Number of protein chains: 2
Amino acid sequence: MNLPSTIQAFVLHFGEMGSRWGINRTVGQIYALLFLSPEPLCADQMVEALDISRSNVSISLRELQAWNLVLLKHLPDDRRDFFTTPGDVWQILRTLAEERKKREVDPTLSVLRAILMEEPQTPQERHAQARMAEMHGLIKQLTTWYDDVKGLETARLAMLLSMGRKISRLVEGADKVVSLGRSRPRRETD
Amino acid sequence: MNLPSTIQAFVLHFGEMGSRWGINRTVGQIYALLFLSPEPLCADQMVEALDISRSNVSISLRELQAWNLVLLKHLPDDRRDFFTTPGDVWQILRTLAEERKKREVDPTLSVLRAILMEEPQTPQERHAQARMAEMHGLIKQLTTWYDDVKGLETARLAMLLSMGRKISRLVEGADKVVSLGRSRPRRETD
DNA sequence: CAGAAATTTCAGAAAATTCTGAAATCTACG
DNA sequence: CGTAGATTTCAGAATTTTCTGAAATTTCTG
């Protein structure tokens with residue numbers, strides 16, 4: 001591997017983090033390399049830059065495509081496949097969220113749904129199902145929120161983030177403001 | 001393994017998902033077992049229930065403690081260590097978020113910070129640093145939001161989730177409402 | 001259609017991880 | 001203290017994952 005030191009540091013870091021992120025070292029390194037590259041790269045350039053086998057690159061690119069994390073490009077008058085990452089980091093975030101949900105959350109949700117259909121046979125199972133129902137409920141809340149929020153344009157999403165917990169106060173206050181606006185009398189329990 | 005079928009299904013599922021979640025099969029199974037159990041369990045009960053070695057249980061419990069996902073309990077007149085998971089699933093979520101951030105995000109943030117301190121030596125490095133700056137900026141936004149929101153009480157957090165993208169409209173509308181409240185004249189750009 | 005260029009497949013090697021059994025260590029209590 | 005019960009450590013076995021090189025396949029071009 002013969003890369004400028006800052007690029008090398010980033011690539012090696014992504015390789016090391018790969019396993020924590022659910023990908024392997026090579027996949028992480030290739031992704032990092034593509035993310036930093038000003039123009040698309042072909043497989044042989046990755047072999048050269050990362051000092052790994054051609055077949056490893058092929059398999060890793062397939063993996064990155066399964067994650068929708070890379071784009072295949074074709075240059076005019078060149079038969080080779082070139083790859084890039086999407087330019088917009090928000091788009092990358094959306095893809096990552098979607099794919100991780102698909103791999104890490106959805107299977108559990110579906111197992112929980114199936115188990116919760118069963119009739120508990122013992123007090124032990126009854127208690128276990130109650131726990132699973134709690135977990136199922138929480139995951140449902142999170143995924144419903146996610147499905148709702150992921151449709152926002154980036155500017156609004158960014159605004160939501162920047163507000164953070166201030167929104168909480170706004171929400172608590174909103175009822176008051178709105179009711180004032182509508183001149184609806186407040187109830188004790190508001 | 002001789003468990004009621006619904007419990008067994010859940011435990012096996014957690015074992016299978018373990019590797020995707022950054023833990024291993026045994027750690028996943030033990031966690032699942034503890035989560036469903038109505039009372040704390042000692043190591044030998046886990047050996048019995050999951051049909052694994054005592055040493056494996058010991059190491060896996062250490063791992064779960066490192067994640068802050070289990071609590072150590074002591075029963076009166078019993079020298080053995082008993083373990084449970086926290087009862088509140090929202091608390092579990094908070095722990096999970098904190099620990100995953102620590103393992104999956106913080107190291108990258110710190111590498112990015114370090115690299116961005118360097119002076120780029122070539123146009124290639126200049127471009128790479130610009131990309132890394134984008135990534136750093138996005139992660140910062142996300143972690144700042146997280147640090148802000150994690151301090152909310154659960155009820156408010158749940159409310160925020162249930163509002164989802166509706167909050168976006170509320171935020172966009174808030175300026176209007178508030179300015180009406182304050183009788184501030186609206187500008188064209190509002 | 002022949003063949004050159006590019007990519008993919010896959011069996012087995014290499015490496016990393018997980019798990020076990022045996023020994024060592026710790027701890028409470030008589 | 002001594003010892004019995006409980007837990008931890010750790011070397012090596014078992015398993016899983018990752019990687020390679022060689023062969024097969026696909027795809028474009030003349």
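The structure presented is a predicted model; accordingly, all values stated were derived computationally and were not measured. All values below were derived from every heavy atom in this structure, side-chain atoms included, with hydrogens, water molecules and symmetry-related copies excluded. Chain letters run A, B, ... following the sequence lines, proteins first, then strands; residues in each count from 1.
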- Report yes if a donor N or O on one partner sits less than 3.5 Å from an acceptor N or O on the other, where the partners are the side chain of A/Arg79 and the base of D/dT29; otherwise report no.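 Checked by distance alone, the answer is no.
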
- Does the side chain of B/Ile115 come within less than 4.5 Å of B/Val111's, by heavy atoms?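 Yes - at least one pair of side-chain heavy atoms lies under 4.5 Å apart.
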
- Item | Exercise: do A/Glu125 and B/Thr6 side chains pair donor with acceptor under 3.5 Å |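 A pair is found: one side chain offers a donor N or O, the other an acceptor, under 3.5 Å apart.
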
- Item | Of residues 39-62 of chain A, the positions that come close to DNA chain D - non-hydrogen atoms, cut-off under 4.0 Å |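 DNA chain D contact set from residues 39-62 of chain A: A/Ile52, A/Ser53, A/Ser55, A/Asn56.
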
- Task: Could you list by number each residue of residues 21-35 of chain A showing a heavy-atom separation from DNA chain D of less than 4.0 Å, or answer none if no residue does?
- Result: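 The stretch gives A/Asn24, A/Arg25, A/Thr26 as the residues lying under 4.0 Å from the strand, ordered by number.
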
- Query: Taking only residues two or more places apart in sequence or in another chain, which ones pass side-chain contact (heavy atoms from CB on, under 4.5 Å) with B/Ile59?
  - Reply: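 Listed in chain order: nothing, the list is empty.
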
Would you kindly give the [atom1]-to-[atom2] distance between [X] and [N], to the nearest whole Å?
X       : N      : atom1 : atom2 : answer
A/Phe83 : C/dA6  : CZ    : C1'   : 11 Å
A/Arg80 : C/dA4  : CZ    : P     : 18 Å
A/Glu16 : D/dT18 : CD    : P     : 16 Å
B/Leu75 : C/dA28 : CG    : P     : 15 Å
A/Leu72 : D/dT27 : CG    : P     : 13 Å
A/Asp77 : D/dT29 : CG    : P     : 8 Å
B/Asp81 : C/dT27 : CG    : C1'   : 11 Å

Identify all side-chain donor-acceptor contacts of residues 25-42 of chain A below 3.5 Å with residues at least two apart in sequence or on another chain.
{"from": "A/Thr26", "atom 1": "OG1", "to": "A/Asn56", "atom 2": "ND2", "distance (Å)": "3.2"}
{"from": "A/Ser37", "atom 1": "OG", "to": "A/Glu39", "atom 2": "N", "distance (Å)": "3.3"}
{"from": "A/Ser37", "atom 1": "OG", "to": "A/Glu39", "atom 2": "O", "distance (Å)": "2.5"}

Anything under 3.5 Å between a donor and an acceptor, one on a side chain of residues 148-159 of chain B, the other on a protein residue two or more places apart or in another chain? List them.
{"from": "B/Asp148", "atom 1": "OD2", "to": "A/Arg165", "atom 2": "N", "distance (Å)": "2.7"}
{"from": "B/Lys150", "atom 1": "NZ", "to": "B/Glu98", "atom 2": "OE1", "distance (Å)": "3.3"}
{"from": "B/Lys150", "atom 1": "NZ", "to": "B/Asp147", "atom 2": "OD1", "distance (Å)": "3.3"}
{"from": "B/Thr154", "atom 1": "OG1", "to": "B/Arg94", "atom 2": "NH2", "distance (Å)": "3.0"}
{"from": "B/Arg156", "atom 1": "NH2", "to": "A/Glu172", "atom 2": "OE1", "distance (Å)": "3.1"}

- Polar side-chain atom of A/Thr143 near backbone of A/Lys140 as donor-acceptor pair, under 3.5 Å: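 Yes, the answer is positive, given that a donor and an acceptor are paired below the 3.5 Å cut-off.
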
- Task: State which residues pass side chain to side chain donor-acceptor pair (under 3.5 Å) with B/Lys102; sequence neighbours excluded, sorted by chain then number.
- Result: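 For B/Lys102 the side chain to side chain donor-acceptor pair (under 3.5 Å) partners, ignoring immediate neighbours, are B/Glu99.
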
- Heavy-atom count around B/Asn2 CG within 6.0 Å, excluding the residue itself: above 12?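 Not more than 12 within 6.0 Å, no.
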
- Between B/Asp81 and B/His74, what is the shortest heavy-atom contact and its length?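 So the minimum-distance heavy-atom pair works out to OD1-NE2, 2.8 Å.
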
